[in-house]
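If you read the sequence from its start, that first residue is 1, and numbering goes on from there.
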Amino acid sequence: MTQHTTAQAPAARPEVPGLYGGKRSRRITVRDIAAAKRRGERWPMLTAYDAMTASVFDEAGIPVMLVGDSMGNTHLGYDSTVPVTLDQMVMLSAAVVRGTRRALIIGDLPFGSYQESATQALRSATRLVKEAGVGAVKLEGGERSADQVSLLVEAGIPVMAHVGLTPQSVHAFGGHPVQGRGEEAAQQLLRDAKAVQDAGAFAVVLELVTAELAAEVTRSLHIPTVGIGSGPDCDAQVLVWTDMAGMTDWPGGRMPRFVKQYARLRETLGDAARAFAEDVVGGAYPAEEHSFH
């Protein structure tokens with residue numbers, strides 16, 4: 001007897017979820033970041049320095065977190081990022097990795113851990129990957145850091161580059177001036193961005209770059225740009241989480257123009273601490289419901 005079979009239509013391809021808030025059973029990778037660029041999808045990035053805060057951002061759907069050397073200013077009490085050590089970066093990066101399940105975690109290479117040579121950069125980045133478990137590393141510099149980027153990528157370590165204002169060079173910059181003003185400065189920044197792209201970086205941070213130049217760089221590159229103080233046309237935007245959440249105590253109250261506060265956590269925590277203290281002083285805490293017998 002001849003059996004008749006009915007051809008089955010090919011199964012529909014599942015819709016590709018966006019980076020932000022999408023449901024994934026695995027961590028986001030640099031391939032997902034590249035796909036988002038092709039789709040024209042914008043995405044958010046926040047810094048994180050501990051497991052608890054990172055878990056909150058992970059549950060909120062933040063797809064990429066940077067364990068930045070900004071921890072020097074925000075968590076360690078330094079005046080700049082320069083004193084941050086590789087050991088500190090490894091310890092806090094590992095905490096962020098442990099506190100997350102979905103986000104791509106990027107660890108900063110701190111000042112002095114990669115500038116000497118590409119080989120030094122590889123040793124430092126290897127520690128962040130092996131000991132902390134990060135999915136990528138970030139380093140500052142354009143043309144001057146291209147060799148470091150190239151060797152890391154050849155070794156299988158994804159690299160996010162960082163051009164424009166580079167905080168580790170704060171002494172050379174003499175402050176925090178906006179970058180890319182003037183034809184010569186703009187052309188150098190374009191060369192820097194293209195140099196790290198050609199070296200294999202999967203994305204590049206543009207910090208304090210004029211909005212017009214950042215838009216031009218974004219159009220010129222096939223890798224995503226991540227803006228901070230660089231206008232609305234970058235592929236992604238990043239903020240230091242303590243700035244975003246209203247935790248930072250700005251000297252003289254002068255908050256940078258590019259920062260937008262989405263909460264007032266410094267005020268909220270202060271109110272909570274004062275309420276706790278008043279309960280203790282007044283004998284209201286601990287009450288009977290807080291006691292054991």
Side-chain angles (χ1 to χ4, degrees), residues 30-31 33-34 36-38 45 64 66 68-69 81-82 104 106-126 128-129 134-173 176-231 233-238:
V30 296
R31 293 185 65 182
I33 302 299
K37 172 79 171 183
R38 293 192 295 270
M45 182 168 84
V64 183
L66 170 67
D69 58 6
T81 66
V82 172
L104 170 64
I106 303 170
D108 245 341
L109 289 177
F111 179 74
S113 69
Y114 63 93
Q115 287 91 344
E116 180 182 326
S117 66
T119 301
Q120 183 200 30
L122 180 58
R123 284 197 301 266
S124 300
T126 299
L128 279 170
V129 172
V134 300
V137 301
K138 182 176 78 66
L139 56 77
E140 295 182 0
E143 290 181 326
R144 62 182 170 86
S145 297
D147 288 344
Q148 284 89 330
V149 173
S150 179
L151 182 59
L152 266 58
V153 172
E154 288 176 8
I157 300 176
V159 178
M160 174 178 281
H162 184 154
V163 302
L165 179 73
T166 48
Q168 292 174 11
S169 303
V170 62
H171 298 307
F173 280 116
H176 297 83
V178 175
Q179 302 295 297
R181 287 177 171 161
E183 181 64 22
E184 183 178 350
Q187 289 303 314
Q188 181 60 57
L189 197 141
L190 274 167
R191 288 194 296 271
D192 283 336
K194 289 181 178 178
V196 294
Q197 173 182 262
D198 293 345
F202 73 89
V204 58
V205 172
L206 305 179
E207 181 164 358
L208 280 186
V209 175
T210 63
E212 295 80 9
L213 180 56
E216 182 180 353
V217 172
T218 301
R219 289 191 299 268
S220 300
L221 300 184
H222 61 74
I223 62 173
T225 58
V226 182
I228 178 166
S230 298
D233 294 316
C234 296
D235 298 295
Q237 298 290 334
V238 61

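Contact between G231 and Q237 at its shortest, heavy atoms only, is O-NE2, 3.0 Å. Residues V153 and V159 share a closest heavy-atom pair of CG2-CG2, 4.1 Å. Contact between A186 and G180 at its shortest, heavy atoms only, is CB-O, 3.7 Å. Scanning both residues, G135 and P158, for their nearest heavy atoms gives O-CG, 3.5 Å. Smallest separation of non-hydrogen atoms from Q148 and A118: CG-CA, 3.7 Å. The minimum heavy-atom distance linking A215 with D233 is given by the pair CB-OD2, 3.5 Å.
The closest side-chain heavy-atom distance from M160 to M45 is below 4.5 Å. The shortest side-chain heavy-atom distance between L151 and D147 does not fall under the 4.5 Å cut-off. By the 4.5 Å heavy-atom criterion applied to side chains, L122 and I157 are counted as neighbours. Looking only at side-chain heavy atoms (C-beta outward), P177 and L208 stay at 4.5 Å or farther from each other. Between T166 and D192, every side-chain heavy-atom pair lies at or beyond the 4.5 Å cut-off. Counting heavy atoms from C-beta on, the side chains of P167 and D69 never come closer than 4.5 Å.
Residue L152 holds its CG atom at 7.0 Å from CG of L109, rounded to the nearest 0.5 Å. The structure places CD of Q187 at 8.5 Å from CG of L213, a figure rounded to the nearest 0.5 Å. Rounding to the nearest 0.5 angstrom, the gap separating the CZ atom in R123 from the CG atom in L128 is 14.0 Å. Taking CG of L139 as the reference point, atom CD1 of I106 lies at 11.5 Å (rounded to 0.5 Å).
Side-chain N/O atoms of Q188 and E184 include no donor and acceptor closer than 3.5 Å.
Note on residues 108-120: pairs passing side-chain hydrogen bond (donor to acceptor under 3.5 Å, both in side chains), not counting sequence neighbours, are D108-K138, Y114-Q168, Q115-Q168. Listed by first then second residue, pairs satisfying salt bridge (Lys or Arg N to Asp or Glu O under 4.0 Å) with a partner in residues 154-166 number zero, not counting sequence neighbours. Sequence neighbours left out, the pairs with a member in residues 208-227 that pass side-chain hydrogen bond (donor to acceptor under 3.5 Å, both in side chains) are T218-T225, T225-D235.
Residues forming a side-chain contact (heavy atoms from CB on, under 4.5 Å) with D198 (at least two apart in sequence, or on another chain): none. In terms of the side-chain contact (heavy atoms from CB on, under 4.5 Å) criterion, residue partners of A214 (sequence neighbours excluded) are, by chain and number, L206, V209, S230, C234. The side-chain contact (heavy atoms from CB on, under 4.5 Å) search around A36 returns L19, R39, E41, W43, not counting sequence neighbours.
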Taking it one step at a time, do V163 and V205 satisfy side-chain contact (heavy atoms from CB on, under 4.5 Å)?
-> CA-CA 6 Å; V163 302; V205 172; over 6 Å; no
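Residue R191 qualifies as enclosed at atom CZ: its count of foreign heavy atoms under 6.0 Å is above 12.
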